[in-house]
Amino acid sequence: MTTTSTSTSAPAAAVLDGTGLAREIRARVAAGAAESAGRGVPVRLAVVVATDDEGAGWYVRSLSGAAGRAGIVCDVVALAPDADAGTIRRTLAGLSADDTVHGIVLQTPLPDGVRVSELAAEIVPEKDVDGANPLSVGRLAAGLPAHPPATAAAVLALLDHHGIALAGRSAVVVGRSLVVGKPTAQLLLQRDATVSICHRHTKDLAEHTRHADVLVVAVGLIGLVRAEHVAEGAIVVDVGTNTAPDGSLAGDVDAADVATRAGGITPVPGGVGPVTTALILDHTVRSARAHG
Ligand code: NAP
C-alpha cells in the first residue's frame with residue numbers, strides 16, 4: 001500500500017490504488033486469450049451502444065482498446081441513440097445466438113424509456129459478463145455461480161488486493177443501483193460483513209456511514225462524502241466517476257477531506273475503474289474457456 005498525506009498535520013490515509021491490480025488481471029487475461037486462440041477459439045466481446053453520451057463513449061473506447069491489447073476481439077455494435085427497445089432486444093438476441101461471441105455488454109445509458117433490466121434478459125447468462133441479466137442478479141443473490149457485475153466484483157477485488165478483512169466488519173454501501181450498489185452489498189454479505197445500504201431517502205447519511213469499517217460510495221454526486229461521514233481509520237471505496245466542471249474525472253468522495261480521517265481510500269481515477277474494465281475482459285475469457 002502506498003501512503004499519502006494531504007497536510008503535514010493530518011494523519012495519512014493509504015491510497016488503495018487499482019492500476020497495479022488491473023495490470024495483473026490484464027496479464028492473466030492476455031495469457032488466457034492467447035491460450036484460447038491457440039485452441040482455435042479467438043475470444044470475442046460485443047459491446048452494444050445506443051447512446052451518444054460522452055462518458056459512455058470514453059468508457060467504450062477504453063474497454064475496446066484494453067480488449068485489443070489483451071488479444072480479445074471487441075465488436076462495438078453502435079445503434080442509434082434513439083433506438084427502440086425492439087431493435088436493442090433483437091441485437092442482443094442475435095449476439096447471444098452467435099457461437100463466436102463469448103461476452104456481451106449492454107452499455108448504459110439507454111434511450112429514454114428503455115430499461116436495462118428488461119433488455120438484459122436477452123443476454124444469455126454465460127455471456128452476461130457484466131452481470132446485467134436478472135437471472136445473473138438472482139443467481140448472485142442466491143449464492144449460485146454467475147458473472148457478478150464487473151464494478152461490484154472490482155470493489156471486492158480491490159479490497160482483497162489491499163488485504164482488507166471483511167468478515168465480521170461493518171460495511172456500508174451508499175447507492176442501491178442494480179449494477180453497483182446492490183450487487184456490491186451482496187458480495188460483501190457473502191464475505192460475512194455486516195452490511196447496510198443507504199440511498200436517496202436515507203435520513204442523516206453521516207449517522208449511518210460513520211459506523212462503517214468499510215464504506216463503499218456509488219452515487220454519482222461529486223464530493224457527497226466528506227470527513228464527517230467517515231469513521232477514524234475506515235476504508236473508503238469511491239466508485240463514483242463523474243465529469244467535473246473542468247472536464248476532469250471526479251469521484252463521489254471529497255478525497256482531500258476524507259483522507260484526514262480515513263485509513264485508506266481508493267483514488268479516482270486509478271481505483272475501481274481500471275479494475276472494472278480488466279474484470280469484464282477476465283469474465284469474457286472465462287466464458288470462452290467454459291463455453292467456447
Ligand atoms: P445510479 O443508478 O444513478 O444510482 C445512484 C444511487 O445513488 C441510487 O441508488 C440513489 O438512490 C443513490 N443516491 C442518489 N443521491 C443520493 C444521496 N444524496 N444520498 C444517498 N444516496 C443517493 O448510479 P450507478 O450506475 O450506481 O453509478 C453510481 C456512480 O458510480 C456514478 O458516478 C457512476 O458513474 C459510477 N460508476 C462507476 C463505475 C466504475 O467502474 N468505476 C461503474 C459504474 C458506475 P435511490 O435509489 O433512492 O434513487
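First listed ligand is number 1; within each ligand, the first listed atom is number 1. Computation of the quantities below employed the complete heavy-atom set of this structure, encompassing side-chain atoms and omitting hydrogens, waters and symmetry-equivalent molecules. The residues of the chain are indexed from 1 along the displayed sequence.
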If you measure every N or O of His201 against every N or O of ligand 1, does any of those distances drop under 3.5 Å?
no
Heavy atoms only: which of Ala218, Gly55, Pro149 is nearest to atom 28 (C) of ligand 1?
Ala218
of all protein heavy atoms, closest to atom 13 (N) of ligand 1 is Val219 CG1, 3.6 Å
Numbered atoms of ligand 1 (with element) below 4.0 Å of Gly175, judged on heavy atoms
6 (C), 7 (O), 9 (O)
Checking side-chain polar atoms at under 3.5 Å, does Asp213 have a donor or acceptor matched by the opposite partner on Ser170?
no
Select one of side chain, backbone, both or neither to describe which atoms of Val174 lie under 4.0 Å from any atom of ligand 1, heavy atoms only.
side chain
Which protein non-hydrogen atom lies closest to atom 44 (C) of ligand 1, naming both residue and atom, and how far is it?
Val180 CG2, 3.9 Å
Looking only at protein heavy atoms, which one is nearest to atom 2 (O) of ligand 1, and how far off is it?
Ser177 CB, 3.4 Å
With heavy atoms and a 4.0 Å threshold, my read on which part of Val179 contacts ligand 1 is side chain
Checking a contact table here: which protein heavy atom is nearest atom 40 (O) of ligand 1, and how many Å away?
Thr276 OG1, 3.0 Å
Atom 33 (C) of ligand 1 [closest protein heavy-atom partner, distance rounded to 0.1 Å]
Thr241 OG1, 3.7 Å
In the protein, which heavy atom is nearest to atom 48 (O) of ligand 1, and how far is it?
Arg200 NE, 2.8 Å
Atom 8 (C) of ligand 1: the protein heavy-atom neighbour that sits closest, reported with distance to 0.1 Å
Arg176 N, 4.0 Å
To check your reading of the model: name the closest protein heavy atom to atom 41 (N) of ligand 1, its residue, and the distance in Å.
Val239 O, 3.4 Å
Would Thr87 and Asp84 count as a side-chain hydrogen bond (donor to acceptor under 3.5 Å, both in side chains) if you check the C-alpha gap in whole Å, the side-chain angles of each, and the deciding distance to 0.1 Å?
CA-CA 6 Å; Thr87 303; Asp84 60 23; 2.6 Å; yes
Should one rank Val237, Leu221, Leu178, Thr151 by closest heavy-atom distance to atom 18 (N) of ligand 1, which comes out on top?
Leu221
Please answer whether the main-chain N or O of Gly273 pairs with a side-chain N or O of Thr277 as donor and acceptor at a distance below 3.5 Å.
yes
